[in-house]
Every structure is written in structure tokens, then in C-alpha cells.
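Below: the structure, in C-alpha cells.
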Amino acid sequence: MRSETPAAQTNDSAPGDGLIKVGVVLFAIGAVATLVTVAPLFLGTDPFPTVAYTVSMLMGVGFAVAAAGVLRSIAAQRRQARESSAGSVQAG
């Protein structure tokens, strides 16, 4: 039998963290696709099909998703601060 107390699972993720992570992944995919689609211009080869240029649009989509996550996180922090300040005013 173990005499140690099991560590409690804590959820450190704030609202919007998931959106930020997804946005970073989408941005990275779009950035790589952008580099790949621009490379033929410097190498003098044939350009890639339209699908490659469409995938490069994920860079902007990823930026927008990450920005939405940041705004959601800010809103949650402001809400939490407002609730804690209202609670301290009522307690005092």
C-alpha cells in the first residue's frame, strides 16, 4: 500500500487556450505552404497548382483563430477580475 497522497489533477488551461493552439498550428501549416509556393519563383521551375495557394491561405486563418483565442482569454480574465472585485466589495 502506498503512503503517498496522489497528486490532484489541476486544469491550468484558460478559456481560449485551445483556440490559440489550433491557430498556431494552422498558421505554421500556412507559413510552410507559403514558402513552398513562393520557392518556384526563385528556382525558375513551374508553379504549383491552385490547391497549394489555397493551403497557404491557412496562415491568415490561423492568425484569426489565434487572435480569437487571445480575445476570449482576455474576456475571461476581465470577467474573473470583475467578479472578484465585486465579491471583495460586498464582503467589506
Hphob cluster co-occupancy, [X] + [Y], side-chain heavy atoms under 4.5 angstrom:
{"X": "Ile29", "Y": "Val22", "answer": "yes"}
{"X": "Ile20", "Y": "Ile74", "answer": "yes"}
{"X": "Phe27", "Y": "Val32", "answer": "no"}
{"X": "Met59", "Y": "Val24", "answer": "no"}

Distance-minimising heavy-atom pair for [X] and [Y]:
{"X": "Phe48", "Y": "Tyr53", "result": "O-CE1, 3.4 Å"}
{"X": "Pro40", "Y": "Pro47", "result": "CB-CA, 4.2 Å"}
{"X": "Ala33", "Y": "Val55", "result": "CB-CG1, 3.7 Å"}

Within this structure, what is the [atom1]-[atom2] distance for the pair [X] and [Y], rounded to the nearest 0.5 Å?
{"X": "Leu26", "Y": "Met57", "atom1": "CG", "atom2": "CE", "answer": "14.5 Å"}
{"X": "Arg79", "Y": "Ser84", "atom1": "CZ", "atom2": "OG", "answer": "12.5 Å"}
{"X": "Leu58", "Y": "Thr34", "atom1": "CG", "atom2": "OG1", "answer": "9.0 Å"}

- Query: Is the backbone of Thr50 close enough, under 3.5 Å, to the side chain of Thr54 for a donor and an acceptor to pair up by distance?
  - Reply: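 Checked: pair present.
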